[in-house]
There are 2 protein chains.
Amino acid sequence: MFRLSRVTDYGIVILAELARHRPDDEPAELMSGAPSLNARELAERADLPLPMVSKVLKALTRAGVLESQRGTKGGYSLARDPEELTVSAMIAALEGPLALTQCSDGEAACDLEATCSVKSPWLIINRVVQNSLASITLADLTNPGFAAQHTPLAGLAQLQTLADAPAKTTSDEVR
Amino acid sequence: MFRLSRVTDYGIVILAELARHRPDDEPAELMSGAPSLNARELAERADLPLPMVSKVLKALTRAGVLESQRGTKGGYSLARDPEELTVSAMIAALEGPLALTQCSDGEAACDLEATCSVKSPWLIINRVVQNSLASITLADLTNPGFAAQHTPLAGLAQLQTLADAPAKTTSDEVR
DNA sequence: TATTTACAGGACCCATTTGGTCCTGTATTC
DNA sequence: GAATACAGGACCAAATGGGTCCTGTAAATA
Ligand code: FES
Ligand code: FES
(Lines give C-alpha, C1' and ligand atoms only; values in the text may rest on other atoms or scores of the structure.)
(Ligands and ions follow the chains in the order given, each with its own letter.)
Protein backbone atom coordinates (compact mmCIF):
# COMPACT_ATOMS: atom_id res chain seq x y z
CA MET A 1 0.00 0.00 0.00
CA PHE A 2 2.93 2.32 0.38
CA ARG A 3 1.64 4.09 3.42
CA LEU A 4 3.37 5.50 6.40
CA SER A 5 2.47 3.56 9.48
CA ARG A 6 -0.23 4.83 11.72
CA VAL A 7 2.29 5.36 14.47
CA THR A 8 4.08 7.85 12.27
CA ASP A 9 0.85 9.63 11.49
CA TYR A 10 0.16 9.97 15.19
CA GLY A 11 3.70 11.06 15.78
CA ILE A 12 3.41 13.98 13.42
CA VAL A 13 0.13 15.08 14.92
CA ILE A 14 1.68 14.97 18.36
CA LEU A 15 4.75 16.86 17.28
CA ALA A 16 2.55 19.49 15.74
CA GLU A 17 0.74 19.77 19.04
CA LEU A 18 4.01 20.26 20.87
CA ALA A 19 5.18 22.86 18.38
CA ARG A 20 1.93 24.72 18.70
CA HIS A 21 2.16 24.74 22.46
CA ARG A 22 5.57 26.32 22.26
CA PRO A 23 4.84 29.98 22.77
CA ASP A 24 7.22 31.35 20.17
CA ASP A 25 10.15 31.94 22.47
CA GLU A 26 8.26 33.68 25.17
CA PRO A 27 10.82 35.16 27.57
CA ALA A 28 9.49 33.51 30.71
CA GLU A 29 9.69 30.13 29.08
CA LEU A 30 13.23 30.68 28.04
CA MET A 31 14.29 30.91 31.62
CA SER A 32 12.50 27.82 32.81
CA GLY A 33 13.77 25.63 30.01
CA ALA A 34 11.82 24.35 27.03
CA PRO A 35 8.09 24.18 27.57
CA SER A 36 6.87 20.64 27.93
CA LEU A 37 3.69 18.62 28.04
CA ASN A 38 3.27 15.20 29.52
CA ALA A 39 1.84 12.17 27.79
CA ARG A 40 -1.62 12.57 29.27
CA GLU A 41 -1.93 16.20 28.23
CA LEU A 42 -0.79 15.39 24.73
CA ALA A 43 -3.20 12.49 24.46
CA GLU A 44 -6.04 14.80 25.41
CA ARG A 45 -5.06 17.53 22.99
CA ALA A 46 -4.63 15.13 20.11
CA ASP A 47 -7.65 13.10 21.18
CA LEU A 48 -5.75 9.84 20.94
CA PRO A 49 -5.55 6.86 23.33
CA LEU A 50 -2.97 7.44 26.02
CA PRO A 51 -1.08 4.13 25.69
CA MET A 52 -0.55 4.78 22.02
CA VAL A 53 0.59 8.33 22.57
CA SER A 54 2.96 7.12 25.23
CA LYS A 55 4.45 4.57 22.87
CA VAL A 56 4.98 7.16 20.19
CA LEU A 57 6.54 9.62 22.57
CA LYS A 58 8.99 7.06 23.84
CA ALA A 59 10.00 6.21 20.30
CA LEU A 60 10.50 9.84 19.39
CA THR A 61 12.60 10.37 22.47
CA ARG A 62 14.78 7.39 21.70
CA ALA A 63 15.31 8.80 18.24
CA GLY A 64 16.42 12.10 19.68
CA VAL A 65 13.57 14.15 18.32
CA LEU A 66 12.16 14.81 21.77
CA GLU A 67 13.67 15.32 25.17
CA SER A 68 12.02 13.86 28.21
CA GLN A 69 11.88 14.78 31.82
CA ARG A 70 10.88 12.25 34.46
CA GLY A 71 9.14 12.72 37.73
CA THR A 72 6.29 14.78 39.02
CA LYS A 73 6.79 17.76 36.77
CA GLY A 74 7.96 15.61 33.92
CA GLY A 75 6.95 15.62 30.28
CA TYR A 76 8.24 15.93 26.76
CA SER A 77 9.64 18.83 24.81
CA LEU A 78 11.11 19.32 21.37
CA ALA A 79 14.82 18.70 21.14
CA ARG A 80 15.17 21.32 18.39
CA ASP A 81 13.37 24.29 16.99
CA PRO A 82 10.44 23.36 14.75
CA GLU A 83 12.20 25.06 11.87
CA GLU A 84 15.00 22.57 12.10
CA LEU A 85 12.96 19.42 12.33
CA THR A 86 12.28 18.11 8.86
CA VAL A 87 9.48 15.79 7.89
CA SER A 88 12.04 13.30 6.67
CA ALA A 89 13.63 13.30 10.11
CA MET A 90 10.30 12.70 11.79
CA ILE A 91 9.55 9.83 9.47
CA ALA A 92 13.00 8.36 9.88
CA ALA A 93 12.58 8.52 13.63
CA LEU A 94 9.45 6.39 13.56
CA GLU A 95 9.87 4.21 10.50
CA GLY A 96 13.61 3.78 10.40
CA PRO A 97 15.88 5.06 7.68
CA LEU A 98 14.24 5.68 4.35
CA ALA A 99 14.75 2.76 2.00
CA LEU A 100 12.01 2.38 -0.55
CA THR A 101 13.33 -0.98 -1.66
CA GLN A 102 15.59 -3.57 -0.20
CA CYS A 103 18.41 -2.62 -2.51
CA SER A 104 18.42 0.97 -1.37
CA ASP A 105 18.96 -0.04 2.21
CA GLY A 106 22.46 -0.26 3.57
CA GLU A 107 24.91 -2.61 1.92
CA ALA A 108 24.06 -5.66 -0.11
CA ALA A 109 20.61 -5.91 1.34
CA CYS A 110 18.85 -6.98 -1.82
CA ASP A 111 18.96 -10.58 -2.97
CA LEU A 112 18.25 -9.60 -6.57
CA GLU A 113 21.44 -7.68 -6.67
CA ALA A 114 23.37 -10.24 -8.67
CA THR A 115 21.17 -10.04 -11.73
CA CYS A 116 19.37 -6.79 -11.11
CA SER A 117 19.69 -3.96 -13.56
CA VAL A 118 18.09 -1.10 -11.72
CA LYS A 119 19.91 -0.82 -8.44
CA SER A 120 21.54 2.53 -8.95
CA PRO A 121 18.37 4.16 -10.23
CA TRP A 122 16.67 3.09 -7.04
CA LEU A 123 19.33 4.84 -5.04
CA ILE A 124 18.59 8.01 -6.92
CA ILE A 125 14.86 7.70 -6.54
CA ASN A 126 15.41 7.25 -2.88
CA ARG A 127 17.41 10.38 -2.65
CA VAL A 128 14.91 12.42 -4.57
CA VAL A 129 12.15 11.40 -2.21
CA GLN A 130 14.39 11.97 0.75
CA ASN A 131 15.14 15.49 -0.36
CA SER A 132 11.49 16.23 -0.97
CA LEU A 133 10.64 15.20 2.54
CA ALA A 134 13.56 17.16 3.90
CA SER A 135 12.21 20.32 2.33
CA ILE A 136 9.31 20.59 4.76
CA THR A 137 9.71 21.27 8.45
CA LEU A 138 7.57 20.98 11.52
CA ALA A 139 7.29 24.73 11.51
CA ASP A 140 5.68 24.54 8.08
CA LEU A 141 3.18 21.99 9.30
CA THR A 142 1.95 24.23 12.07
CA ASN A 143 1.93 27.39 10.01
CA PRO A 144 -1.75 27.91 9.16
CA GLY A 145 -0.94 29.80 5.98
CA PHE A 146 1.39 27.14 4.71
CA ALA A 147 -1.12 25.05 2.83
CA ALA A 148 -2.68 28.01 1.13
CA GLN A 149 0.47 29.75 0.07
CA HIS A 150 2.55 26.73 -0.69
CA THR A 151 2.76 25.94 -4.35
CA PRO A 152 4.11 22.49 -5.04
CA LEU A 153 7.42 24.14 -5.82
CA ALA A 154 7.89 26.42 -2.87
CA GLY A 155 10.30 23.94 -1.35
CA LEU A 156 12.63 23.97 -4.29
CA ALA A 157 15.12 26.54 -3.15
CA GLN A 158 15.56 24.55 -0.01
CA LEU A 159 15.73 21.36 -1.96
CA GLN A 160 18.48 22.91 -4.01
CA THR A 161 20.65 23.51 -1.00
CA LEU A 162 19.93 20.13 0.44
CA ALA A 163 20.82 18.40 -2.76
CA ASP A 164 24.28 19.89 -2.81
CA ALA A 165 25.24 17.98 0.25
CA PRO A 166 25.50 14.29 -0.63
CA ALA A 167 22.12 13.50 0.89
CA LYS A 168 23.01 13.08 4.50
CA THR A 169 21.70 9.81 5.72
CA THR A 170 18.61 9.93 7.82
CA SER A 171 20.35 8.52 10.82
CA ASP A 172 22.74 11.45 10.77
CA GLU A 173 19.83 13.80 10.89
CA VAL A 174 18.12 12.14 13.75
CA ARG A 175 20.56 10.66 16.13
CA MET B 1 8.95 0.34 7.52
CA PHE B 2 7.93 2.60 4.70
CA ARG B 3 9.00 0.33 1.92
CA LEU B 4 7.56 -0.40 -1.42
CA SER B 5 6.27 -3.93 -1.56
CA ARG B 6 8.40 -6.62 -3.05
CA VAL B 7 5.93 -7.04 -5.85
CA THR B 8 6.58 -3.47 -6.90
CA ASP B 9 10.29 -3.99 -6.77
CA TYR B 10 9.95 -7.00 -9.04
CA GLY B 11 7.63 -5.06 -11.28
CA ILE B 12 10.18 -2.37 -11.93
CA VAL B 13 12.89 -4.87 -12.65
CA ILE B 14 10.63 -6.60 -15.12
CA LEU B 15 9.60 -3.38 -16.78
CA ALA B 16 13.24 -2.45 -17.13
CA GLU B 17 13.82 -5.79 -18.80
CA LEU B 18 11.01 -5.15 -21.24
CA ALA B 19 12.28 -1.68 -22.02
CA ARG B 20 15.75 -3.00 -22.60
CA HIS B 21 14.49 -5.64 -24.97
CA ARG B 22 12.75 -3.03 -27.01
CA PRO B 23 15.18 -2.43 -29.87
CA ASP B 24 14.86 1.33 -30.03
CA ASP B 25 12.22 1.48 -32.72
CA GLU B 26 13.86 -0.90 -35.07
CA PRO B 27 11.98 -0.71 -38.38
CA ALA B 28 11.13 -4.38 -38.66
CA GLU B 29 9.62 -4.33 -35.21
CA LEU B 30 7.50 -1.36 -36.02
CA MET B 31 5.68 -3.29 -38.66
CA SER B 32 4.99 -6.37 -36.60
CA GLY B 33 3.65 -4.42 -33.64
CA ALA B 34 5.37 -3.83 -30.33
CA PRO B 35 8.01 -6.39 -29.41
CA SER B 36 6.91 -8.69 -26.66
CA LEU B 37 8.23 -11.27 -24.27
CA ASN B 38 6.23 -13.91 -22.50
CA ALA B 39 6.17 -14.57 -18.78
CA ARG B 40 8.64 -17.43 -18.93
CA GLU B 41 11.20 -15.45 -20.89
CA LEU B 42 10.90 -12.53 -18.53
CA ALA B 43 11.24 -14.77 -15.50
CA GLU B 44 14.46 -16.15 -16.92
CA ARG B 45 15.92 -12.78 -17.77
CA ALA B 46 15.11 -11.33 -14.40
CA ASP B 47 16.00 -14.55 -12.63
CA LEU B 48 12.78 -14.57 -10.65
CA PRO B 49 10.26 -17.36 -9.96
CA LEU B 50 7.79 -17.71 -12.80
CA PRO B 51 4.58 -17.68 -10.72
CA MET B 52 5.61 -14.42 -9.13
CA VAL B 53 6.53 -12.83 -12.42
CA SER B 54 3.24 -13.96 -13.87
CA LYS B 55 1.35 -12.38 -11.01
CA VAL B 56 3.16 -9.11 -11.43
CA LEU B 57 2.62 -9.06 -15.17
CA LYS B 58 -1.08 -9.61 -14.79
CA ALA B 59 -1.31 -6.76 -12.32
CA LEU B 60 0.60 -4.44 -14.61
CA THR B 61 -1.64 -5.36 -17.49
CA ARG B 62 -4.77 -4.72 -15.47
CA ALA B 63 -3.37 -1.34 -14.59
CA GLY B 64 -2.83 -0.52 -18.22
CA VAL B 65 0.94 -0.31 -18.06
CA LEU B 66 1.37 -3.40 -20.22
CA GLU B 67 -0.52 -4.91 -23.10
CA SER B 68 -0.94 -8.63 -23.34
CA GLN B 69 -1.41 -11.06 -26.15
CA ARG B 70 -2.79 -14.52 -25.56
CA GLY B 71 -2.12 -17.74 -27.35
CA THR B 72 0.87 -19.49 -28.75
CA LYS B 73 2.75 -16.39 -29.78
CA GLY B 74 1.50 -14.44 -26.83
CA GLY B 75 3.36 -12.30 -24.36
CA TYR B 76 3.57 -8.83 -22.86
CA SER B 77 4.66 -5.51 -24.26
CA LEU B 78 4.82 -1.98 -22.99
CA ALA B 79 1.65 0.02 -23.50
CA ARG B 80 3.64 3.24 -23.88
CA ASP B 81 7.10 4.42 -24.69
CA PRO B 82 9.53 4.11 -21.79
CA GLU B 83 9.96 7.87 -21.85
CA GLU B 84 6.32 8.30 -20.97
CA LEU B 85 6.10 5.80 -18.17
CA THR B 86 6.94 7.50 -14.90
CA VAL B 87 8.10 5.80 -11.75
CA SER B 88 5.08 7.17 -9.97
CA ALA B 89 2.83 5.50 -12.51
CA MET B 90 4.59 2.18 -12.06
CA ILE B 91 4.28 2.40 -8.32
CA ALA B 92 0.66 3.43 -8.51
CA ALA B 93 -0.05 0.49 -10.77
CA LEU B 94 1.22 -1.99 -8.21
CA GLU B 95 0.59 -0.30 -4.90
CA GLY B 96 -2.52 1.67 -5.62
CA PRO B 97 -2.76 5.45 -5.61
CA LEU B 98 -0.16 7.24 -3.56
CA ALA B 99 -1.46 8.17 -0.13
CA LEU B 100 1.21 8.39 2.50
CA THR B 101 -1.34 8.68 5.26
CA GLN B 102 -4.97 7.87 5.63
CA CYS B 103 -5.93 11.50 5.46
CA SER B 104 -4.27 12.02 2.13
CA ASP B 105 -6.32 9.30 0.57
CA GLY B 106 -9.55 10.16 -1.14
CA GLU B 107 -12.26 11.88 0.84
CA ALA B 108 -12.73 11.72 4.57
CA ALA B 109 -10.61 8.64 4.91
CA CYS B 110 -8.92 9.59 8.13
CA ASP B 111 -10.68 9.17 11.46
CA LEU B 112 -8.50 11.76 13.13
CA GLU B 113 -9.88 14.35 10.83
CA ALA B 114 -12.19 15.93 13.37
CA THR B 115 -9.47 17.01 15.73
CA CYS B 116 -6.45 16.80 13.47
CA SER B 117 -4.39 19.83 12.76
CA VAL B 118 -2.10 18.69 10.00
CA LYS B 119 -4.34 17.38 7.29
CA SER B 120 -3.61 19.94 4.63
CA PRO B 121 0.15 19.77 5.11
CA TRP B 122 -0.08 16.05 4.48
CA LEU B 123 -1.77 16.70 1.20
CA ILE B 124 1.13 18.89 0.20
CA ILE B 125 3.74 16.42 1.32
CA ASN B 126 1.97 13.82 -0.72
CA ARG B 127 2.09 15.96 -3.77
CA VAL B 128 5.73 16.76 -3.39
CA VAL B 129 6.61 13.10 -3.22
CA GLN B 130 4.30 12.36 -6.09
CA ASN B 131 6.01 14.94 -8.25
CA SER B 132 9.43 13.63 -7.35
CA LEU B 133 8.47 10.18 -8.44
CA ALA B 134 6.89 11.52 -11.59
CA SER B 135 10.14 13.16 -12.59
CA ILE B 136 11.82 9.85 -13.37
CA THR B 137 10.79 7.59 -16.22
CA LEU B 138 11.39 4.02 -17.20
CA ALA B 139 13.70 5.29 -19.90
CA ASP B 140 15.85 6.88 -17.22
CA LEU B 141 16.02 3.62 -15.31
CA THR B 142 17.41 1.73 -18.26
CA ASN B 143 19.78 4.46 -19.35
CA PRO B 144 23.17 3.27 -18.11
CA GLY B 145 24.54 6.78 -17.85
CA PHE B 146 21.62 8.00 -15.82
CA ALA B 147 22.96 7.22 -12.39
CA ALA B 148 26.33 8.75 -13.09
CA GLN B 149 25.17 11.94 -14.68
CA HIS B 150 22.08 12.50 -12.63
CA THR B 151 22.51 15.07 -9.95
CA PRO B 152 19.74 14.96 -7.40
CA LEU B 153 18.25 17.95 -9.15
CA ALA B 154 18.29 16.89 -12.76
CA GLY B 155 14.59 16.14 -12.57
CA LEU B 156 13.68 19.64 -11.55
CA ALA B 157 12.77 21.10 -14.90
CA GLN B 158 10.35 18.29 -15.37
CA LEU B 159 9.12 18.66 -11.87
CA GLN B 160 8.43 22.26 -12.62
CA THR B 161 6.11 21.41 -15.49
CA LEU B 162 4.40 18.71 -13.56
CA ALA B 163 3.77 20.97 -10.66
CA ASP B 164 1.92 23.49 -12.77
CA ALA B 165 -0.83 21.03 -13.46
CA PRO B 166 -2.78 20.40 -10.25
CA ALA B 167 -0.96 17.16 -9.59
CA LYS B 168 -2.94 14.76 -11.66
CA THR B 169 -4.06 11.86 -9.57
CA THR B 170 -2.18 8.67 -9.99
CA SER B 171 -5.21 6.86 -11.25
CA ASP B 172 -5.47 9.29 -14.11
CA GLU B 173 -1.95 8.53 -15.09
CA VAL B 174 -2.33 4.84 -15.04
CA ARG B 175 -5.75 3.75 -16.09
C1' DT C 1 12.45 9.32 53.72
C1' DA C 2 7.99 7.95 51.84
C1' DT C 3 4.87 8.86 48.39
C1' DT C 4 3.39 10.20 44.18
C1' DT C 5 4.05 11.23 39.47
C1' DA C 6 5.63 10.26 34.89
C1' DC C 7 8.93 8.28 31.72
C1' DA C 8 11.66 3.63 29.98
C1' DG C 9 11.52 -0.61 28.04
C1' DG C 10 9.50 -4.54 26.77
C1' DA C 11 6.33 -8.41 26.35
C1' DC C 12 2.16 -9.57 24.33
C1' DC C 13 -1.91 -10.27 21.41
C1' DC C 14 -4.91 -9.99 17.47
C1' DA C 15 -5.87 -8.33 12.79
C1' DT C 16 -4.13 -7.24 8.51
C1' DT C 17 -0.93 -7.39 4.85
C1' DT C 18 2.76 -9.63 2.13
C1' DG C 19 5.09 -12.95 -0.40
C1' DG C 20 4.43 -16.74 -2.89
C1' DT C 21 2.15 -20.86 -5.12
C1' DC C 22 -1.38 -23.19 -7.67
C1' DC C 23 -5.66 -24.24 -10.06
C1' DT C 24 -9.35 -23.53 -13.33
C1' DG C 25 -10.85 -21.10 -17.36
C1' DT C 26 -10.44 -18.63 -21.93
C1' DA C 27 -8.27 -16.74 -26.06
C1' DT C 28 -4.81 -17.70 -30.05
C1' DT C 29 -2.19 -20.06 -33.11
C1' DC C 30 -1.14 -23.81 -36.17
C1' DG D 1 -8.35 -29.82 -31.78
C1' DA D 2 -3.99 -29.76 -29.53
C1' DA D 3 -0.73 -26.85 -27.57
C1' DT D 4 0.47 -22.45 -25.68
C1' DA D 5 0.04 -18.47 -22.76
C1' DC D 6 -2.67 -15.07 -20.40
C1' DA D 7 -6.85 -14.02 -16.76
C1' DG D 8 -8.56 -14.35 -12.43
C1' DG D 9 -8.76 -15.96 -8.04
C1' DA D 10 -8.29 -19.05 -4.06
C1' DC D 11 -5.26 -20.21 -0.80
C1' DC D 12 -1.56 -20.47 2.81
C1' DA D 13 2.44 -19.22 5.80
C1' DA D 14 5.11 -15.62 7.52
C1' DA D 15 5.80 -11.03 8.68
C1' DT D 16 4.04 -6.45 10.05
C1' DG D 17 1.15 -3.28 12.17
C1' DG D 18 -1.96 -1.44 15.69
C1' DG D 19 -2.71 -1.43 20.22
C1' DT D 20 -2.58 -2.65 25.31
C1' DC D 21 -0.37 -3.59 29.61
C1' DC D 22 3.12 -4.62 33.10
C1' DT D 23 7.33 -3.95 35.65
C1' DG D 24 11.04 -0.84 36.67
C1' DT D 25 13.46 3.66 37.55
C1' DA D 26 14.11 8.78 38.01
C1' DA D 27 12.40 13.16 39.95
C1' DA D 28 9.77 16.12 42.93
C1' DT D 29 7.55 17.09 47.18
C1' DA D 30 5.70 16.81 51.74
S1 FES E 1 15.94 -4.58 -7.01
FE2 FES E 1 17.38 -4.76 -5.42
S3 FES E 1 19.33 -4.64 -6.33
FE4 FES E 1 17.86 -4.24 -7.90
S1 FES F 1 -3.78 12.70 10.42
FE2 FES F 1 -5.47 12.25 9.14
S3 FES F 1 -6.63 14.05 9.03
FE4 FES F 1 -4.83 14.55 10.11
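Please read these numbers as outputs of a predicted model, since none were measured by experiment. Computed over heavy atoms, backbone and side chain alike; hydrogens, waters and symmetry mates excluded. A note on names: the letters A, B, ... follow the listed sequences, proteins ahead of strands, and every chain is numbered from 1.
- Of the possible polar contacts, none joining the B:Asn131 side chain to the B:Val128 backbone as a donor-acceptor pair under 3.5 Å is found.
- Note: CG (A:Leu50) to C1' (C:dT5) measures 13 Å, nearest angstrom.
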N/O donor-acceptor pairs under 3.5 Å from side chains in residues 6-14 of chain B, not counting sequence neighbours:
unit_1: B:Arg6; atom_1: NE; unit_2: B:Tyr10; atom_2: OH; d: 2.8
unit_1: B:Arg6; atom_1: NH2; unit_2: A:Asp111; atom_2: OD2; d: 2.5
unit_1: B:Thr8; atom_1: OG1; unit_2: B:Ser5; atom_2: OG; d: 3.3
unit_1: B:Thr8; atom_1: OG1; unit_2: B:Glu95; atom_2: OE2; d: 2.5

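- Within the 4.0 Å cut-off from OP1 or OP2 of C:dG19, at least one side-chain nitrogen or oxygen of B:Ser5 is found.
- Taking side-chain N and O atoms only, B:Ser68 has no distance below 4.0 Å to OP1 or OP2 of D:dA5.
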Output side-chain donor-acceptor pairs under 3.5 Å for residues 40-60 of chain B, partner residues at least two apart or in another chain, one line each.
unit_1: B:Arg40; atom_1: NH1; unit_2: B:Glu44; atom_2: OE2; d: 3.4
unit_1: B:Glu41; atom_1: OE1; unit_2: B:Asn38; atom_2: N; d: 2.8

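- Nearest heavy-atom pair, A:Ile91 versus B:Phe2, reported as atom, atom and distance to 0.1 Å: CG2-CD2, 4.5 Å.
- Put simply, CZ on B:Arg3 is 10 Å from P on D:dG17, counting in whole angstrom units.
- In this structure, CG of B:Leu60 is placed 11 Å from P of D:dA7, rounded to the nearest angstrom.
- Between the CD atom of B:Glu67 and the C1' atom of D:dA5 there is a distance of 17 Å, given to the nearest Å.
- For A:Arg62, counting side-chain heavy atoms from C-beta on, the closest listed nucleotide (D:dA5, D:dT20, C:dG10) is C:dG10.
- Across the protein-nucleic acid pair, A:Leu48 atom CG and D:dG19 atom C1' stand 12 Å apart, rounded to whole Å.
- Phosphate proximity of D:dG19 to A:Tyr10: present, with a side-chain N or O under 4.0 Å from OP1 or OP2.
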5' to 3', nucleotides 22-30 of chain D under a 4.0 Å protein heavy-atom cut-off (B base, S sugar-phosphate only, - none) gives ---BBBBS-

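- A:Phe2 has its CZ atom 17 Å from the C1' atom of D:dG17, to the nearest Å.
- Distance CG (A:Leu66) to P (C:dA8): 10 Å, rounded to an integer number of Å.
- If you check the side chains of A:Arg20 and B:Ser117, you find a donor sitting under 3.5 Å from an acceptor.
- Across the protein-nucleic acid pair, A:Met52 atom CE and D:dC21 atom C1' stand 13 Å apart, rounded to whole Å.
- Of the possible polar contacts, one joining the B:Arg3 side chain to the A:Ala99 backbone as a donor-acceptor pair under 3.5 Å is found.
- One finds no side-chain N or O of A:Thr61 lying less than 4.0 angstrom from the OP1 or OP2 phosphate oxygen of C:dC7.
- Under the 3.5 Å distance criterion, with hydrogens and angles disregarded, no donor-acceptor pair is assigned to the side chains of B:Ser68 and B:Thr61.
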